[in-house]
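What you see is a predicted model; the values in this text were computed from it and never measured. Numbers restart at 1 for each chain; the letters A, B, ... are given by sequence-line order, proteins then strands.
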There are 2 protein chains.
Amino acid sequence: MSSLVEVARAAGVAVSTASRVLNGSSHPISAATRARVIAAAERLGYSPSALARALVSRSSRLLGVLVSDIVNPYFSVIARGVDDVATRAGYVTMLSNVDRRTATEINRLQTMRNYRAAGVIFAGSGYVDDPEAPTLVKAVRQAQEQGIHAVSLTVRDLGCPVITADSQAAAYDITDHLVSLGHRRIAFIEGPPGMIATHQRREGFLACMSDADLAETARCIPGGFDYEAGHAATMRLIARPPLPDAIIAANDEAAVGALNALRQARIDVPGEISVAGIDDLRVAQFVGLTTVSLPLYEMGAMAARHILDTAPGADTGDATTTILSHRLIPRETTARRSS
Amino acid sequence: MSSLVEVARAAGVAVSTASRVLNGSSHPISAATRARVIAAAERLGYSPSALARALVSRSSRLLGVLVSDIVNPYFSVIARGVDDVATRAGYVTMLSNVDRRTATEINRLQTMRNYRAAGVIFAGSGYVDDPEAPTLVKAVRQAQEQGIHAVSLTVRDLGCPVITADSQAAAYDITDHLVSLGHRRIAFIEGPPGMIATHQRREGFLACMSDADLAETARCIPGGFDYEAGHAATMRLIARPPLPDAIIAANDEAAVGALNALRQARIDVPGEISVAGIDDLRVAQFVGLTTVSLPLYEMGAMAARHILDTAPGADTGDATTTILSHRLIPRETTARRSS
DNA sequence: GGTCGGAGCTGCAACGATTAGGCAAACGTT
DNA sequence: AACGTTTGCCTAATCGTTGCAGCTCCGACC
């Protein structure tokens, strides 16, 4: 109900005239007609169909973002960056949670393709040696050929531009910070097995330890990106002495888990041991966690901007990788250690 | 590119045949033709236009959710509930951040109306005596007349069904818990001024205090829903002795702020003072905060289900209010007090 | 006074998909 | 050979919007 046709009829004008009034074309319209159309639209509660408009204009003004889990603050900050840019440009954000499953990612990408999204932003990290990766890459290519932009927010071979922070450098920097504070035996709690992000952060840690000639005292233990994993990993660390000088968790949430495990074991932080994370989520501020701030909001915002600014037909510039800078945030969970 | 027409041409069949193959009509199709069409669709990377389909089927399979800020875990949990149900039903979630601004809320509602969303979920709380409320209510009514369902997740006079937790009862219950632990002088850190949610939670607190004959020792101080507000309010509390026996913050994040202010002032929790929050966000678990668990995920999920299950034309059942139950979660920031 | 030009409006095709009805082959059966 | 059934074609309409081509006035200019 209340289509343009009805507005036109109510105003006693042709459909095309109503159309031109309601979205200001350059075509001249008399003030009287204009007023009549506007009044009719108002009276009927006219709502222009973005669907029909999208069909003819070949632009849906829809923007897709694929996150692992929007409840995870890492992703919600990204989503916020995306949505702010999208909204300001008159676009609407389509959100999908893919729970780190490549198959779901493929499925949701296809769906967003069906909606003729202007672009799709991949916020989640991929897996090393993912058997489904080729299928995803193919789906991305098909979408691109159709004029749908794809942007990945993590280093990942999707055949699309990457806008990201340097996870590896972030891990390197936080490690370097601990080293420069005098820590020697540093343990690294890894992310979930198989993820590219896990790999990168561990490599950053190991590279720094190696550069500092501390490769022997570097210790990597399996963990995860959540509180429970950080907690459990730290418990294991405590159970098998000697305790390291410092613990770096693969992300902030795991670091908070580590912090709590240490507190429960009555091990003083940062007196006996320093703890650091990566991401600088809001919770890091709450618990005074030393961490590395990743430009998550900017990543989302810039990805959205890239999609909206690049002409639909234009070359997506497949190979480009943009690295946004991170920043060390020293707080209270790390302290200098006199060796 | 790659419309149904092209698939049909590539397969050497009529468009209607291709259509029937690709979305299984009752019309009989030979296996050979079917295979040929599917192969052609596959080869061309055919992606059925959800836009065109929505236009003719009069169902966009789009579901809108309006949150204040997706970064706020309160809302991201709701959004997750919505998206899970939507995705399972083959719908796509449209997300918008409205930053607690009614004007933006109206604007985004109109936009989702333009996209012919099956429904729009209002997750944010409104304001008391909001001058823009009537405009919003009118917009909601127009949307409903158009067959778009609206659901509010907070008690709010939008003229649409409400699916919510009883904020006031939650506040009452957490207060009662503290009272039953022996606390007498309890301070309540309020939410942001003017919000309906703020009002409800304060009323719950006051009602319980009154019921316990503790109205005189009840103390309400202005605060907010964020860490900084909780921190600042607690600082003010500390600056003006006597310190209460317990602090209840309007939500968990403010409670964490309170916790940190107390720690900085070297006031032992729960030894000298108990602290509690409301919401049971993930951070509450991290810091061992006693709180009330609100069924946020279920609210989102149930709202989405309501929208998808109710026939587009059917009566929305405007007046109904569904209350989902909350649950007290005692943790380590509250303790019995011998008086 | 005829033509030009522009203002102001109309009508039509197109976007991509769905659906229904009518019809025509091809095929097997009797 | 007559018959029914299967299978697929074609045509037309529909959804709501847009943009283009064209039409009709009317005043102005030479």
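A donor-acceptor pair is defined here as one N or O able to donate and one able to accept, closer than 3.5 Å; no such pair exists between the side chain of R80(A) and the backbone of N97(B). Between the side chain of Y115(B) and the main chain of S60(A), a donor-acceptor pair closer than 3.5 Å is present. Side-chain N or O atoms of S59(B) include none that pairs as donor or acceptor with a backbone N or O of A54(B) at under 3.5 Å. With hydrogens and angles ignored, the 3.5 Å screen pairs no side-chain donor or acceptor of T104(B) with any backbone N or O of R100(B). Checking side-chain atoms of S96(B) against main-chain N and O of R108(B) turns up no donor-acceptor pair under 3.5 Å.
R61(B) places its CZ atom 20 Å from the P atom of dC15(D), with the value rounded to the nearest Å. Put simply, CZ on R9(A) is 16 Å from C1' on dG11(C), counting in whole angstrom units. N114(A) places its CG atom 11 Å from the P atom of dT18(C), with the value rounded to the nearest Å. Between the C1' atom of dG16(D) and the OH atom of Y115(B) lies a distance of 14 Å, rounded to the nearest Å. Atom P of nucleotide dA13(C) and atom CZ of R58(A) are separated by 19 Å, given to the nearest angstrom. In this structure, L22(B) atom CG and dA17(C) atom C1' are separated by 11 Å, rounded to whole Å. Following rounding to the nearest Å, N23(A) (CG) and dT18(D) (C1') show an atom-to-atom distance of 8 Å. The distance from atom CZ of R116(B) to atom P of dC15(D) is 13 Å, rounded to the nearest whole Å.
With the nearest nucleotide of DNA chain D identified for both A52(B) and A18(B), A18(B) has the one nearer the 5' end. DNA chain D is contacted by both G12(B) and S47(A); G12(B) maps to the nucleotide lying nearer its 5′ end (nearest heavy atom per residue). Across the interface with DNA chain C, nearest-nucleotide mapping of R53(B) and A14(A) shows A14(A) to be the residue nearer the 5′ end.
The side chain of V5(A) lies closest to dT17(D), out of dC10(D), dT17(D), dG16(C). Comparing dT17(D), dC9(D), dT18(D) by their nearest atom to the side chain of V13(B) picks out dC9(D). Each of dC9(D), dT18(C), dG16(D) was ranked by its minimum atom distance to the side chain of T17(B); first place goes to dC9(D). Side-chain atoms of L55(B) lie closest to dC15(D) of the nucleotides dG8(C), dT18(C), dC15(D). Comparing dC9(D), dT10(C), dA17(C) by their closest approach to the side chain of R20(B) singles out dC9(D). Out of dA7(C), dT17(D), dG16(C), the shortest distance to the side chain of V56(B) is found at dG16(C). The side chain of S3(B) has dG16(C) as its nearest neighbour among dA20(C), dC15(D), dG16(C).
Heavy atoms of S30(A) sit under 4.0 angstrom from primed sugar atoms or phosphate atoms, though from no base atom.
In terms of polar N and O atoms assigned as donor or acceptor, the side chain of S16(A) comes within less than 3.5 Å of the base of dG11(C) in a complementary pairing.
Under the side chain to side chain contact (heavy atoms under 4.5 Å, CB included) rule, S152(A) has a single partner from T321(A), V162(A), V120(A), I121(A), which is V162(A).
Distances shown here put every side-chain N or O of S57(B) at or beyond 4.0 Å from the OP1 or OP2 atom of dT18(C).
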